[in-house]
Structures are given as structure tokens and as C-alpha cells.
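What follows is a set of notes on a single structure, which appears directly below.
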Amino acid sequence: MSEKARTALWIVLLMVLSTALSFYYQSNQWVSGDQWQMLNKGLKAAIEGIYLPYGNEASTVGNVPGSLSSFVIGWPLSLWFDPYAPVVFLQIIRMAGFLLFVNAISKIFSPRTVLAGAVIYALNPWFLYDSLVYNPSYLSFGAALVLNMIVRLKREEVTEKKPSFIYTFICSMFLTLGAGWCMQLHFSWPVLVALTGILWLMRGIRFNFAGAALGLVIIGISLIPYYQETLVNEYITSNPEEYAKERYFGYGLVHVYPLFKALMYWLRFGSLLVTKKTLIPELGADAAWYQDVLYYAYLVFTQGIGVITVVISAVINCKLIFRARRSRRPEVRFVRALTISCILALLLAAAAATLTLNYWQIIILFCFALMPILSAVESRPLSGRVLAALAALMVVLNLVSATSSDKFSINADYSAAFYQHCINLYDGPKCHLTEAQTEYYQNLHLPEGH
């Protein structure tokens, strides 16, 4: 069996394992604010046939434009009215994004590095912890599509030949549509536009403006219902809450710390220094002594590994930016330009943001943050044992997080929460439940989430 065939086989196995872990996360999720917003729109679409032209309400700037939030939940429910219908659809979307990522890195790196990239992506806690029915979970597809198109639009010094007009036209159109996909789900999409523009100015990619224009036309047509809604509903373009009035564009630049935090997230996305809350929840005051011991031992172990890997990530990024400018390898120069573009775009986003960005607000850059790491792996390949150990470690981290963490618990019952909420909004028959099932869910007392 050839090396490419073995790599393809391992990637398929990684997809199966990643999907299994993601389903475990999904079944143990505490359903809260953003998930309810998504499910409300999906239920309205599936039961009433109404696809709202706007998405989730953001923290300070109104609702996300477009009907995509309703579609990704409502369409699967209209085909199969079951709590896991949107979950299955979400897994398909996220695995499609994974394949787009793998395809992108295969055009730059060797099969051995592609396999390492597939492991680091598919089993990464940063990726799998977003296995929730909420809008940031869908961004990985759009981000991977943009990355894939950017790689395909590399300058001739990397591709060794000038691509045809039709090729760049199609790639530029899909790059624009990838950003448009993200635009209808979350307000982090401008960072994709900014990094693409910066990379183009750095002459890292060629861009077909005709293809991009067609993509913009398609996006514009999809937003016509949203525009019509803004004419009669002013609440979807602003947040009436008092805290929102205290925020302003440029908040991050004025307060400085948001810039530093955003830069740290870039480095952390390329490491295993995940948020402490994703690892394990705080113990109660009545916890036994051995639980305290296990809790702190686990934290010390995981945070220790996290600190080591984030230092490695920082060193790799610094070397790539400051030492690889005159590298003889065109793919290294391309990854360097891409990294600089991403960091500058991230800092611009953090400076312009109306609040201090949290990880889920910039998780859209996760697949881009792995590119410097893979560039280093290409120069110094990971041995099979190291890669296997890394995969095993990430599996353990995910199993613990999915079993007991801030957003997930083995005590949670996603399916019951879905049906109970559906009954509260509509009634048993509309939720495809019998009279006995309706009574069961109405009387069911679910544990409170975090």
C-alpha cells in the first residue's frame, strides 16, 4: 500500500473517531442560551414552515443577518423530527470542513505531515469542545472552505504555473461564499475578509474579482429577506440592553488587553492550552478529599502540558515570522505570509470589537492557526509513537470534558431537554409525540446545567 493510500485510510479512521467523540459531546450538552436561540428558529421552521431571515442575537450589535441559522436546524428537523437530526447534519458539515482542511494542507505538505495535521485537527479539544448546537460550531466549515480556496489561489512561485481564469474565478467565488456562510452565523466573519485582503496585498495569492463579485451577488440575493425585515423590525439591527449601549467599536484598541488576549488565543489554538472550564468543572465545597486530589492533579497535568505546547507554538510562530522570510521553500514563505495576515487581521478584529473577544468569538481562525505548526512538522516530522501519544492524550482530554465540564455532563439529557422545550413552545402532536410521551416530558424534572 502506498503512503498516500495509508494516509487516506488513517484519515477515514480519524473521521470515525472524531465523529464518535463529537456525538458523545452532543448527547451530554447542557442546552442554554445560544442553543435555545438556534433550536427556537429550527422548530419554527420545521413546525410552522417559517425560516426567519435573521440569526442569533449577538452580545452588542443585534442579530446575525440571514436565514442560515434557521436552515441548518429547521431543514434536518423537517426531514426527520428528532433531537439528533440537527446533530447529524452538524456532524456532516463539520466533517466536510475537516476534509476541506485536509485537502488544503495536502497541496502544501507531504503525506506524513498531512496525517499529523489530520490528527491534530480532528481530535483537538479546541475543535471538539465546540460540538454544540450553536452558531460557532458551524464556522469550521466556512473557515476551512476559505483556507482551501486561499491555498488554491497561491501565487505561481508556489504553484509553479499560472492558473487559468476559470480556475481562479471559481476559487474566488467559493472563497467569498465561505466568508458569506460564516457571515450568516456569526459576527466574526470580517476577520476572514481582512486576512484575505492582507494576504492579497502581500502578493501571497492572486484574486479573481469577477468570481468574488459573483459570490457577493449570491450572498446579496440570500440577504434580501433580511433587508426587508430590517425595514419593519429595528430590533434585529441593535441590542436594546443597557450593557450594549456602553460598548462601542474600537473598545479593544482603547483598552489594549483585548489585543493581547486575541494574540494569545492565536498561539493557544496551535497548542493544548485549552480553557480550564473545558477540562473539568469546579468541585463543590462538599467534595471528598480524594476528589480534590484527583481534581488538582488532573489540572496540573493538563495545564502543564498546555503551557509547554503553547510555548512551542509561540516559538514556531516567531521563527516562521522572523527567520523564514528568505526561505528557499516557497510553501514556507506562503505559510509565513498567511500567518502574518491572520495575526494582523485578528489584531484588527480585536481592536475594532465592542468587547473583549472570547475563544468562541475567534474560533473561526482555528484551522489557520494550525498552519505554522504543520510547517514546523514538515521540517521536523513527528514519529509514529509521538503522534500516537498525542492522539491518545487528546482523546482522554475530550472524554473527560464531554463527561464532566462547564458545558457538558453525563447527567445532561439533550434529547429530553429538546422535547420539553418543544412542548413548551407548541404541543405534543406538533412535536411528534404521543399523549403519553407528552405527559412524560411535561412531568420530567431535568437537572440544572452550569
Side-chain angles (χ1 to χ4, degrees), residues 18-43 55-59 64 68-74 76-77 82-98 121-144 181-182 184-188 269 274-281 357-364 366-367 394 397-422 446-450:
S18 180
T19 301
L21 288 170
S22 187
F23 268 112
Y24 185 57
Y25 268 109
Q26 294 275 16
S27 61
N28 291 345
Q29 64 179 300
W30 293 114
V31 186
S32 58
D34 286 334
Q35 292 133 289
W36 288 136
Q37 287 195 62
M38 295 289 288
L39 290 174
N40 287 347
K41 294 177 181 64
L43 288 170
N56 281 18
E57 178 183 325
S59 301
V64 175
L68 192 56
S69 296
S70 295
F71 177 84
V72 295
I73 304 293
L77 285 174
D82 186 273
Y84 284 92
V87 170
V88 172
F89 187 58
L90 174 58
Q91 300 315 312
I92 293 173
I93 289 173
R94 285 167 69 81
M95 284 302 102
F98 166 70
Y121 184 107
L123 303 181
N124 203 302
W126 283 113
F127 172 66
L128 288 172
Y129 193 74
D130 256 353
S131 295
L132 292 161
V133 185
Y134 78 148
N135 44 330
S137 297
Y138 297 85
L139 296 177
S140 59
F141 172 78
W181 168 278
C182 296
Q184 293 203 25
L185 292 164
H186 199 270
F187 280 115
S188 58
F269 287 156
V274 294
T275 306
K276 188 177 77 170
K277 289 183 178 180
T278 70
L279 296 174
I280 192 169
L357 299 176
N358 289 300
Y359 84 88
W360 62 86
Q361 292 161 325
I362 47 178
I363 195 66
I364 196 170
F366 167 68
C367 64
M394 289 192 290
L397 290 175
N398 283 305
L399 288 175
V400 174
S401 295
T403 301
S404 180
S405 61
D406 188 57
K407 295 181 180 179
F408 303 92
S409 172
I410 198 170
N411 296 320
D413 192 336
Y414 162 69
S415 182
F418 172 91
Y419 280 122
Q420 197 171 76
H421 187 67
C422 184
L446 295 175
E448 295 184 4
H450 293 274

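Just so it is clear, the values below take in all heavy atoms, side chains as well, and ignore hydrogens, waters and symmetry mates. We count residues from 1, following the sequence as given.
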> So how far is it from Leu128 CG to Leu21 CG, rounded to the nearest 0.5 Å?
Replying inline: 6.0 Å
>> Please report the interatomic distance CD1(Ile92) to CZ(Phe141), rounded to the nearest 0.5 Å.
In response: 12.0 Å
> Passes side chain to side chain donor-acceptor pair (under 3.5 Å), Ser131 versus Tyr24? Steps please.
Replying inline: CA-CA 9 Å; Ser131 295; Tyr24 185 57; over 6 Å; no
> If you look at every heavy atom in Ile364 and Ala143, which pair is closest and at what distance?
Replying inline: O-CB, 3.2 Å
> Taking C-beta and beyond as the side chain, do His421 and Val31 meet within less than 4.5 Å on heavy atoms?
Replying inline: no
>> Using every non-hydrogen atom in the two residues, find where Asp406 and Tyr129 come nearest and quote the distance to one decimal.
In response: CB-OH, 3.7 Å
>> If I take atom CG from residue Leu139 and atom CZ from residue Arg94, how far apart are they, to the nearest 0.5 angstrom?
In response: 9.5 Å
>> Before we go on, tell me: are the rings of Tyr359 and Phe269 under 6.0 Å apart, centre to centre?
In response: no
> Between Phe127 and Tyr121, how do the two ring planes meet: parallel, tilted or perpendicular, split at 30° and 60°?
Replying inline: tilted
> Roughly how far, to the nearest 0.5 Å, is CG of Leu77 from OG of Ser70?
Replying inline: 11.0 Å
> Do the non-hydrogen side-chain atoms of Leu399 and Tyr25 ever get within less than 4.5 Å of each other?
Replying inline: no
> Where do Pro86 and Ile73 come nearest, in terms of heavy atoms and distance?
Replying inline: CB-CD1, 3.8 Å
> Does any non-hydrogen side-chain atom of Ser69 lie less than 4.5 Å from one of Leu185?
Replying inline: yes
> How far does SG of Cys367 sit from CG of Asn124, to the nearest 0.5 angstrom?
Replying inline: 11.5 Å
> Considering all heavy atoms of both residues, which atom of Leu68 and which atom of Gln184 are nearest to each other, and what is their separation?
Replying inline: N-OE1, 3.2 Å
> Looking only at heavy atoms, which two atoms of Trp30 and Gln35 are closest? And how far apart?
Replying inline: O-NE2, 3.0 Å
> Which heavy-atom pair separates Val88 from Phe23 by the least distance, and what is that distance?
Replying inline: CG2-CZ, 4.0 Å
> Would you call Leu90 and Val72 a side-chain contact if the rule is heavy atoms closer than 4.5 Å?
Replying inline: no
> Side chain of Tyr414, backbone of Pro83: donor and acceptor closer than 3.5 Å?
Replying inline: yes
> From Ser415 OG over to Gln420 CD, what is the distance, rounded to the nearest 0.5 angstrom?
Replying inline: 11.0 Å
> Should Phe366 and Asp130 count as side-chain neighbours, where that means a heavy-atom distance under 4.5 Å?
Replying inline: no
> So, Tyr84 versus Phe418, ring centres under 6.0 angstrom or not?
Replying inline: no
>> Before you tell me yes or no, could you show the steps for Asn56 and His186 under side chain to side chain donor-acceptor pair (under 3.5 Å), namely the whole-Å CA-CA distance, both residues' side-chain angles and the distance that decides it to 0.1 Å?
In response: CA-CA 8 Å; Asn56 281 18; His186 199 270; over 6 Å; no
> Is the shortest heavy-atom distance from the side chain of Lys407 to the side chain of Tyr134 under 4.5 Å?
Replying inline: yes
> Can you check whether Val400 reaches Ser405 side chain to side chain, under 4.5 Å on heavy atoms?
Replying inline: no
>> Less than 4.5 Å apart, side chain to side chain, heavy atoms only: is that true for Leu132 and Ser137?
In response: yes
>> With side chain to side chain contact (heavy atoms under 4.5 Å, CB included) as the criterion, how do Ile362 and Ser188 come out once you've worked through the C-alpha distance, each side chain's angles and the decisive distance to 0.1 Å?
In response: CA-CA 6 Å; Ile362 47 178; Ser188 58; 5.6 Å; no
